[in-house]
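Worksheet: the structure to be examined is printed underneath.
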Amino acid sequence: LLIVPLAALVFGALTLSPDRGAAEILYAQPVPRAVILAGRVFGLFLALGAAQLLGFGVAGLAVQWSAGPYGASQFLVVVALSLALTAVFVTVAAALASGEPGRRARTLGLALVVWFVAVILFDLAALGVASLLKSGAASRLLITAALVNPVDAGRTAAYLAIEGTAAFGGASLALLRFTGGSASAGAMIALSFLVWVAVPAWIAARRLGRADL
């Protein structure tokens with residue numbers, strides 16, 4: 001939840017920012033800019049995903065060696081959520097980077113701001129606003145925040161996959177009542193991830209199409 005978004009944003013900002021000269025040659029090819037961007041984003045996702053799978057694979061073998069296969073399905077859910085977070089923040093980095101060439105430092109700074117807001121500031125702001133509301137409204141606000149923010153959505157999905165309906169104590173009942181059950185909660189979390197991948201990807205393609213390269 002901390003390292004995966006940070007790595008995706010930093011590597012995305014450094015890798016996907018257009019370079020002067022090189023970008024002119026690359027995007028002068030008879031291939032649509034959006035297709036080139038999609039290939040670069042997918043390649044970066046594969047590289048980061050392979051590194052994560054290697055790390056999770058070694059850790060999973062160590063856990064299985066000492067504890068057996070118990071909990072393997074929950075472990076695989078955590079791996080899948082890690083890959084989903086990588087996809088989200090790689091596309092967010094692409095949306096930040098797909099502008100004018102020669103602004104890599106600015107893009108990296110924006111990526112770090114996005115990471116700080118998504119991982120730390122968003123939760124503090126949601127808790128601060130919720131503390132000013134009545135119990136019912138505060139509960140709805142916090143549940144909505146947990147579904148809207150991809151980091152919180154990943155955290156919620158991981159807890160539900162590992163602990164089930166007892167993941168948050170009484171708050172789990174409020175979450176399931178708000179979403180309409182475990183299946184609906186999972187569908188909303190999946191939809192949140194899909195939106196966070198699709199919208200930044202569309203923004204990145206639009207920005208790149210309008211950029212003067």
Side-chain angles (χ1 to χ4, degrees), residues 1-17 35-97 104 107-108 111-112 114-120 122-123 146-168 172 175 182-201 204:
L1 295 175
L2 295 176
I3 302 301
V4 168
L6 181 62
L9 285 168
V10 169
F11 281 104
L14 295 176
T15 304
L16 301 175
S17 296
V35 174
I36 296 175
L37 176 65
R40 298 184 71 192
V41 169
F42 188 62
L44 179 60
F45 169 75
L46 288 180
L48 293 173
Q52 291 175 33
L53 290 176
L54 178 62
F56 277 118
V58 174
L61 290 175
V63 171
Q64 184 177 11
W65 179 265
S66 61
Y70 176 77
S73 59
Q74 291 92 332
F75 184 80
L76 292 177
V77 170
V78 173
V79 176
L81 289 172
S82 176
L83 295 175
L85 280 176
T86 300
V88 166
F89 285 100
V90 165
T91 55
V92 170
L96 296 175
R104 179 171 294 172
T107 301
L108 180 58
L112 293 177
V114 168
W115 175 83
F116 179 78
V117 171
V119 175
I120 299 175
F122 183 88
D123 291 340
L147 296 175
V148 169
N149 185 353
V151 176
D152 291 333
R155 180 187 294 113
T156 302
Y159 282 140
L160 288 176
I162 295 172
E163 298 292 341
T165 56
F168 311 107
S172 297
L175 171 66
S182 300
S184 298
M188 288 184 180
I189 291 171
L191 178 62
S192 178
F193 280 125
L194 288 175
V195 170
W196 273 105
V197 170
V199 173

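Position 1 is the first residue of the sequence, and the numbers go up from there. Every value quoted in this text rests on a predicted model; they were computed, and no experiment measured them.
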Provide the closest heavy-atom pair for [X] versus [Y] in the form atom of the first, atom of the second, distance.
| X | Y | answer |
| --- | --- | --- |
| Phe56 | Phe75 | O-CZ, 3.4 Å |
| Val195 | Pro200 | O-CD, 3.7 Å |
| Ala97 | Thr107 | CA-CG2, 3.6 Å |
| Leu81 | Gly154 | CD1-O, 3.5 Å |
| Ile189 | Ala153 | CG2-O, 3.7 Å |

If we only count heavy atoms from C-beta on, is the Asp123 to Val151 side-chain gap below 4.5 Å?
no
So CG of Leu96 and CG of Leu16: to nearest 0.5 Å the spacing works out to 10.0 Å
dist Phe193:CZ -> Leu83:CG (nearest 0.5 Å) comes out at 11.0 Å
Determine all donor-acceptor pairs shorter than 3.5 Å in which one atom belongs to a side chain in residues 57-69; sequence neighbours excluded.
| from | atom 1 | to | atom 2 | distance (Å) |
| --- | --- | --- | --- | --- |
| Ser66 | OG | Ala62 | O | 3.3 |
| Ser66 | OG | Val63 | O | 3.2 |

* **side chain to side chain contact (heavy atoms under 4.5 Å, CB included) between Leu85 and Leu1, worked out** => CA-CA 8 Å; Leu85 280 176; Leu1 295 175; 3.9 Å; yes
Got a list of side-chain donor-acceptor pairs under 3.5 Å for residues 39-54, not counting sequence neighbours?
| from | atom 1 | to | atom 2 | distance (Å) |
| --- | --- | --- | --- | --- |
| Arg40 | NH1 | Tyr27 | OH | 3.4 |
| Arg40 | NH2 | Thr15 | O | 2.5 |
| Gln52 | OE1 | Ser82 | OG | 2.5 |
| Gln52 | OE1 | Thr86 | OG1 | 3.4 |
| Gln52 | NE2 | Thr86 | OG1 | 2.6 |

Sequence neighbours excluded, the answer for side-chain hydrogen bond (donor to acceptor under 3.5 Å, both in side chains) partners of Asp152 is Asn149, Arg155
**Request:** Give a yes or no on whether the backbone of Ile120 and the side-chain of Trp115 come within a donor-acceptor separation of less than 3.5 Å.
**Result:** no
Side chain to side chain contact (heavy atoms under 4.5 Å, CB included) test vs Leu9 passes for just one of Val88, Leu108, Val114, namely Val114
